[in-house]
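Here is the structure we will look at.
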Amino acid sequence: MESYVRFQALAGVAILAVYAGFVVWMIDGLALGQRSPQALLLFMVVAFFAGAVLFGGLWIAHMCRDGDRRLADEREAAIEVQADRLGARVTEAGLAVLVLLALTNAQWNWMGSFALTRTEGLIFALFTLSALSGSARFAAGALGAWRS
Amino acid sequence: VIRNHLRASRDGAGLTQANLAAALGVSRQTVISLEQGRYQPSLELALRLARLFGKPVEELFQLLD
């Protein structure tokens with residue numbers, strides 16, 4: 001498998017793994033548990049640094065495989081543009097869904113502990129959207145590189 | 001549809017895919033994709049290929065009807 005495909009796929013899997021950890025930590029039964037702002041902030045910071053280290057490591061490993069390259073070549077750059085575009089579209093669509101959820105919940109109050117008016121609910125929704133768009137972006141990158 | 005003769009030109013020049021990739025500053029996978037016609041190069045890369053093989057671009061790449 002091409003190292004660029006592996007890099008993209010692993011980055012997508014890493015995002016999903018962090019998200020899975022977040023879901024397990026946040027959910028009690030079928031409801032969102034209460035977490036202190038400090039605990040949420042700590043989770044974000046840890047996830048950010050773990051992600052940065054992992055992503056950087058994967059990127060360096062990919063670049064080192066192909067001799068002395070330090071920049072993405074033009075094929076990879078073209079794939080990145082397409083993948084970024086898809087990630088942006090997923091984010092836009094997700095934000096529209098969040099607006100819809102907020103409006104319908106304000107009317108019928110059906111979201112319970114997942115309500116976006118709760119800090120945990122809002123963070124859970126935004127983290128879900130971020131994980132979705134990120135994993136979709138890297139899946140698109142892996143697929144684009146695999147197909148070209 | 002664009003057809004190219006990169007494989008024949010590379011073979012004629014006695015270059016491996018890795019050699020060509022290094023000369024162009026791209027990945028070997030990009031050379032493979034180019035040769036298989038799955039990726040169309042930028043104008044800059046096409047001109048660099050033409051210069052490297054000492055052939056006009058039209059000889060390396062042909063637009064099919």
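So that the names make sense, note that chain A is the first sequence line, chain B the second, and so on, each numbered from 1. As the structure is a prediction and not an experimental result, all values here were calculated from the model.
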* Answer with yes or no whether the hydrophobic clustering places A:F55 together with A:V18; edges join I, L, V, M, F, W, Y residues whose side-chain heavy atoms lie under 4.5 Å apart. => no
* Asked: Is the count of non-hydrogen atoms from other residues, nucleotides or ligands lying under 6.0 Å from B:R38 atom CZ greater than 12?
  -> yes
* Structure fact -> Value for CZ (A:R75) from CD1 (B:I32), rounded to nearest 0.5 Å, stands at 8.5 Å
* Has A:W25 got more than 12 heavy atoms of other residues, nucleotides or ligands less than 6.0 Å from its CH2? -> yes
* Starting at OG of B:S33, measure out to CD1 of A:I79 and round the result to the nearest 0.5 Å. => 7.5 Å
* A:S148 (side chain) donor-acceptor with B:Y39 (main chain) under 3.5 angstrom -> no
* In one Ile/Leu/Val/Met/Phe/Trp/Tyr side-chain cluster, 4.5 Å: A:F138, A:L132 -> no
